[in-house]
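Report on the following structure.
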Amino acid sequence: MSEQNIRVRFAPSPTGPLHMGGVRTALYNYLLAKKHGGKFILRIEDTDQTRFVPGAEDYILESFKWCGIEFDEGVHIGGPFAPYRQSDRKELYKQYADDLIKNGHAYYAFDTADELDTLRQQFETEKKTFIYNAEVRAGLNNSLTKSEAEVRGWLESGKPYVIRFKMPESEEIKMQDIIRGEVVVNTKVLDDKVLFKSDGMPTYHLANVVDDHLMEITHVIRGEEWLPSMPLHILLYRAFGWDIPAFAHLPLLLKPDGKGKLSKRDGDRLGFPVFPLEWTDPKSGETTRGYREDGYFPDAFINMLAFLGWNPGDERELFDIDSMAEAFSLERVNKSGARFDPDKARWFNHQYLQMKNDRELAEAFLPFLQKKGIITDLDYVQKVVSMVKERVNFVYEMWDQASFFFQAPDGYDEAAVKKRWKQSSYNQMEELKEILAQTEPFTSEHTEEVVKQWMEEKEYGMGAVMNAFRLLLVGALKGPHLFDIAELIGQEETLMRIQTGLHELGRKD
RNA sequence: GGUCCGUUCGUCUAGCCAGGUCAGGACGCCAGGUUUUCAUCCUGGUAACACGGGUUCGAAUCCCGUACGGACUACCA
């Protein structure tokens, strides 16, 4: 296989919002293509008309746009193998199913859903495993058991039928998976899967194999849930006489606690998003949170996701998407499921937040201020942001750390008052106010110098004075360097807050 | 039930393919340091090869079995 010609695809079903596991699958496909200069294709697999959800396709597109994952070909941009939506390729599949019938690898089956249901129940009561295989099909109505004339008659009369794959009775299928190595399955435990449905649409199995072949896909990279159908797919390629692509089945994303794969319920229960973007169900109107709306940076989200099942083999953890592609290889993808850790996700966002420049962060913070009714300019916000960014994981957390830069405290933390507003505080703050009123220029550095000198002369305790002062400016015992705060809010505001505080807190006896 | 896949600190993982390291890193947690406060940050600590056999001078690493977990088992993808 020539590395230059690598072609991979992500093939979601538009049945709802894209799960973060799906995003990771797409990401790994993207990284492989990017690394080898190959092509990455987006194909929509909407062969089940009953599960179609309006808006899902747009959601998928918007999610990847947000993540920074770009496609070379796809339903939204076209390409040399268009169309890329299976419902638009509908006419194509029948002929391939017919080819399989002609060469003896498939057959018409006329069983109704009811008939199959009773058959399954019957097997169950007899404690037997129901497999629609050679033994079973011999006793049913299909083109293998009935005469050609009878079958033709049924077909012409419009009797509903499906086309099933004729699974070999007993044959060892040896397969190679890039991540798992050799996998061997005997066809006797496999069933005659439906390839073509009675509604005129192919099933996933047929459409997927046909399209992957037609679109010249070289690597099929998908979730572990597809591993059991790999033998069927291999057999289909063989039946068609086509080259078989390389397969790689990715490990599952597991819930943070307990057992099983990560689901929407876990996010609701534990308080984190499972989808990249917020999603409103068109039927129920129910809204589900997304990473974007929860304040995650797309690059942090992608970085976190990539490390759930892959690592570069050294100790680096922070990668932009380009260097990630450079370092990526399927051989370094793990076999076992990766449990999602919301704490680590937050940590990634913290790292990325520190890497953003103050201008970007200020722009991101501005809408939160506007929502609070704060009118201010970007330069001021930028200064604020530079002081508080290292204390937060998310932009929205900045308000909590910076509100006092924009408005005087509307109260004083009770525990802090109890601890730091002492008998001497009132007089000290009164003195401090007089001193600060005369301090010129009112820069952080100069103010600090003046205040410290005064404290030394009066032999006031650093802790006592500074904490009382902080209480008056901030309303609580938190925040950045106090003199930086004073400088930024300005002399007038500083004096006013001291005055207000003296009035509010009063003398303590 | 059947088939397949998996199993290293609480979590993500390195090491396994080409047996020999005090089993390494990160998140979390704990402690100490820095600091006028909180947070950040720095330093240190905590903690793992699922179990049982075998092969070997020597096994996390190779083989077999057991247990546990997961996925799949539709005219869904």
Side-chain angles (χ1 to χ4, degrees), chain A residues 11-15 45-48 50-51 109 111-113 116-117 120 124 127-132 160-164 177 179-181 183-186 188-191 193-199 201-205 207-208 222-231 249 251-252 254 256-257 259-261 304 307-317 331-332 334-348 350 354 388-392 401 413 416 419-420 448 451-452 455 461-471 474 476-483:
Chain A
S13 229
T15 55
E45 309 220 326
D46 57 346
T47 51
D48 184 357
T50 63
R51 291 213 306 160
D111 327 300
T112 65
L116 290 176
D117 275 351
R120 280 200 187 87
E124 203 174 319
K127 298 257 181 192
K128 289 197 292 185
T129 308
F130 179 81
I131 304 175
Y132 197 116
Y161 68 91
V162 299
I163 296 173
R164 284 185 183 268
D177 183 281
I179 294 169
R180 283 148 217 287
V183 178
V184 184
V185 177
N186 193 299
K188 65 186 169 198
V189 301
L190 270 20
D191 59 355
K193 275 273 177 297
V194 171
L195 300 177
F196 199 83
K197 299 184 275 186
S198 57
D199 65 358
M201 282 291 239
T203 60
Y204 166 81
H205 299 105
N208 184 265
R222 69 218 319 191
E224 187 184 315
E225 66 270 26
W226 294 110
L227 196 52
S229 45
M230 180 160 63
H249 289 91
L252 260 18
L254 272 20
D257 60 347
K259 314 289 181 191
K261 63 177 176 183
M304 175 275 294
F307 271 72
L308 254 24
W310 171 85
N311 72 82
D314 53 41
E315 281 165 8
R316 293 174 295 164
E317 286 200 279
E331 285 73 18
R332 291 208 61 86
N334 284 301
K335 296 175 173 65
S336 49
R339 199 164 274 198
F340 171 66
D341 181 3
D343 277 336
K344 190 91 185 228
R346 282 187 275 274
W347 176 81
F348 270 109
H350 181 261
Q354 306 319 314
V388 301
K389 67 173 179 183
E390 65 189 19
R391 331 167 76 83
V392 299
Q401 298 297 330
D413 181 76
K419 190 176 172 197
R420 291 299 189 181
E448 179 167 359
V451 170
K452 282 191 170 162
M455 282 191 290
M462 182 88 153
V465 172
M466 293 303 291
N467 281 300
F469 187 20
R470 178 174 293 277
L471 194 53
V474 174
L477 300 179
K478 64 173 185 184
H481 191 60
L482 198 47
F483 296 102

Exercise. Who is the Watson-Crick or G-U wobble partner of B:A71, with both distances under 3.5 Å?
Worked result: B:U3
For this session: Nearest 0.5 Å please: distance from the NE2 atom of A:H205 over to the OG1 atom of A:T47.
Result: 10.0 Å
Exercise. At what distance, to the nearest 0.5 angstrom, does CG of A:L252 lie from CD of A:E224?
Worked result: 5.0 Å
For this session: Looking only at side-chain atoms of A:L252, point me to the closest of B:A74, B:C5, B:G70.
Result: B:G70
For this session: Find the distance A:N311:CG to B:U13:P and express it as a whole number of Å.
Result: 8 Å
Problem set entry | Any strand: nucleotide that pairs with B:C76 via Watson-Crick or wobble, under 3.5 Å | none
Exercise. Counting any heavy atom closer than 4.0 Å, what does A:F307 reach on the DNA or RNA strands: base, sugar-phosphate only, or nothing?
Worked result: sugar-phosphate
For this session: Scan A:V184 against the nucleic acid and name what it touches under 4.0 Å (heavy atoms): base, sugar-phosphate only, or nothing.
Result: sugar-phosphate
For this session: Could you measure between the two P atoms, the one in B:G20 and the one in B:U61, and give it in whole Å?
Result: 11 Å
Seminar exercise, completed: Between CG of A:L227 and P of B:G70 the distance, given in whole Å, is 17 Å
For this session: Scan A:G260 against the nucleic acid and name what it touches under 4.0 Å (heavy atoms): base, sugar-phosphate only, or nothing.
Result: sugar-phosphate
Exercise. In whole Å, what is the span from the CG atom of A:L116 to the P atom of B:C76?
Worked result: 12 Å
For this session: State which of B:U11, B:C75, B:C72 makes the closest approach to the side chain of A:R339.
Result: B:U11
Exercise. Within this structure, what is the CZ-to-C1' distance between A:R222 and B:A71, rounded to whole angstrom?
Worked result: 13 Å
Exercise. Would A:R164 and A:K193 satisfy side chain to side chain contact (heavy atoms under 4.5 Å, CB included), going step by step from the backbone distance to the final call?
Worked result: CA-CA 6 Å; A:R164 284 185 183 268; A:K193 275 273 177 297; over 6 Å; no
Problem set entry | Selected nucleotide, minimal atom distance to A:M466 side chain, candidates B:U36, B:C27, B:U13 | B:U36
Exercise. Where the side chain of A:R332 is defined as all heavy atoms beyond and including C-beta, which of B:A77, B:U3, B:A14 is the nearest nucleotide?
Worked result: B:A14
Exercise. Which whole number of Å gives the distance between the P atom of B:A60 and that of B:G19?
Worked result: 14 Å
Exercise. Given that both distances must come in under 3.5 Å, which nucleotide forms a Watson-Crick or G-U wobble pair with B:G65?
Worked result: B:C51
For this session: May I ask you to say what A:V183 touches in the nucleic acid, namely base, sugar-phosphate or nothing, with a heavy-atom cut-off under 4.0 Å?
Result: sugar-phosphate
Exercise. What about A:K193: does its side chain form a donor-acceptor pair under 3.5 Å with the base of B:A74?
Worked result: no
Exercise. Looking only at atom P, what distance separates B:U8 and B:G44, rounded to whole Å?
Worked result: 27 Å
Problem set entry | Interatomic distance, A:Y132 atom OH to A:L116 atom CG [nearest 0.5 angstrom] | 6.0 Å
Exercise. A:S336 near the nucleic acid: base, sugar-phosphate alone, or nothing, with a heavy-atom cut-off under 4.0 Å?
Worked result: sugar-phosphate
Seminar exercise, completed: To the nearest angstrom, the CE-C1' distance between A:M201 and B:C76 comes to 13 Å
Exercise. Which listed nucleotide (B:U36, B:A39, B:C4) is nearest to the side chain of A:E390?
Worked result: B:A39
Exercise. Base, sugar-phosphate alone, or nothing: which one does A:R346 contact when heavy atoms must sit under 4.0 Å apart?
Worked result: nothing
Seminar exercise, completed: Against the side chain of A:A338, the closest entry in B:U7, B:C12, B:A77 is B:C12
For this session: Using whole Å, report how far CG of A:L254 lies from C1' of B:G69.
Result: 9 Å
Exercise. Taking the C1' atom of each, how far is B:G10 from B:C17, in whole Å?
Worked result: 30 Å
For this session: Would you mind classifying the nucleic acid contact of A:P480 as base, sugar-phosphate or nothing, using non-hydrogen atoms under 4.0 angstrom?
Result: base
Problem set entry | Trace of the side chain to side chain contact (heavy atoms under 4.5 Å, CB included) decision for A:E448 with A:H481 | CA-CA 10 Å; A:E448 179 167 359; A:H481 191 60; 3.0 Å; yes
For this session: Quote, to the nearest angstrom, the P distance that separates B:U11 from B:C4.
Result: 28 Å
Problem set entry | Distance-only donor-acceptor test, A:H481 side-chain atoms vs B:U36 base atoms, 3.5 Å | yes
For this session: For B:G53 versus B:A59, give the span between their C1' atoms, rounded off to a whole number of Å.
Result: 13 Å
Seminar exercise, completed: Against the side chain of A:E225, the closest entry in B:A71, B:C5, B:A26 is B:A71
Exercise. Which value, rounded to the nearest 0.5 Å, describes the distance between A:L477 atom CG and A:M466 atom CE?
Worked result: 11.5 Å
For this session: Go through the N and O atoms of the side chain of A:R391 and the base of B:U40, and report whether any donor-acceptor pair is under 3.5 Å.
Result: no
Exercise. Think A:K197 has a side-chain N or O under 4.0 angstrom from the OP1 or OP2 of B:A77?
Worked result: yes
Exercise. Of the nucleotides B:G25, B:U36, B:A26, which has the atom closest to the A:E317 side chain?
Worked result: B:A26
Exercise. For A:R316, which contact category applies under a 4.0 Å heavy-atom criterion: base, sugar-phosphate, or nothing?
Worked result: nothing
Problem set entry | Mate of B:A14 where both pairing distances stay under 3.5 Å, Watson-Crick or G-U | none
Seminar exercise, completed: By nearest-heavy-atom nucleotide on RNA chain B, the more 5' of A:V194 and A:V392 is A:V392
Problem set entry | Residue mapping more 5' on RNA chain B - nearest nucleotide basis, A:P251 or A:T112 | A:P251
Exercise. So do A:Q401 and A:K389 actually touch side chain to side chain, heavy atoms under 4.5 Å?
Worked result: no
Seminar exercise, completed: Rounding to 0.5 Å, atoms CZ (A:R339) and CG (A:D257) come to a distance of 7.5 Å
Exercise. So, is A:K261 close to the B:C72 phosphate, meaning a side-chain N or O under 4.0 Å from OP1 or OP2?
Worked result: yes
Problem set entry | Nucleotide forming a Watson-Crick or wobble pair with B:G32, both distances under 3.5 Å | B:C42
Problem set entry | Per A:D341 side chain, nearest of listed nucleotides B:G15, B:C76, B:U11 | B:U11
Problem set entry | Ion pair check, A:D341 and A:K344, cut-off under 4.0 Å | no
Problem set entry | Under 3.5 Å on both distances, the Watson-Crick or G-U partner of B:G58 | none
Exercise. Mind checking the P distance from B:U21 to B:C62? Whole angstroms is fine.
Worked result: 15 Å
Exercise. A:E224 has an atom CD; how far is it from atom C1' of B:C72, in whole Å?
Worked result: 10 Å
For this session: Tell me whether the OP1 or OP2 atom of B:C38 has a side-chain N or O from A:R470 closer than 4.0 Å.
Result: no
For this session: Would you mind classifying the nucleic acid contact of A:G461 as base, sugar-phosphate or nothing, using non-hydrogen atoms under 4.0 angstrom?
Result: nothing
Exercise. Between B:A26 atom P and A:H350 atom NE2, what is the distance in whole Å?
Worked result: 16 Å
Exercise. Can you tell which of B:G6, B:U37, B:A77 lies closest to the side chain of A:R180?
Worked result: B:G6
Exercise. B:C75 and B:G69: how far apart are their P atoms, nearest whole angstrom?
Worked result: 29 Å
Problem set entry | side-chain N/O A:T47 vs B:A77 OP1/OP2, d < 4.0 Å | yes
For this session: Would you please confirm or rule out a distance under 4.0 Å between OP1 or OP2 of B:U13 and any side-chain N or O of A:N334?
Result: yes
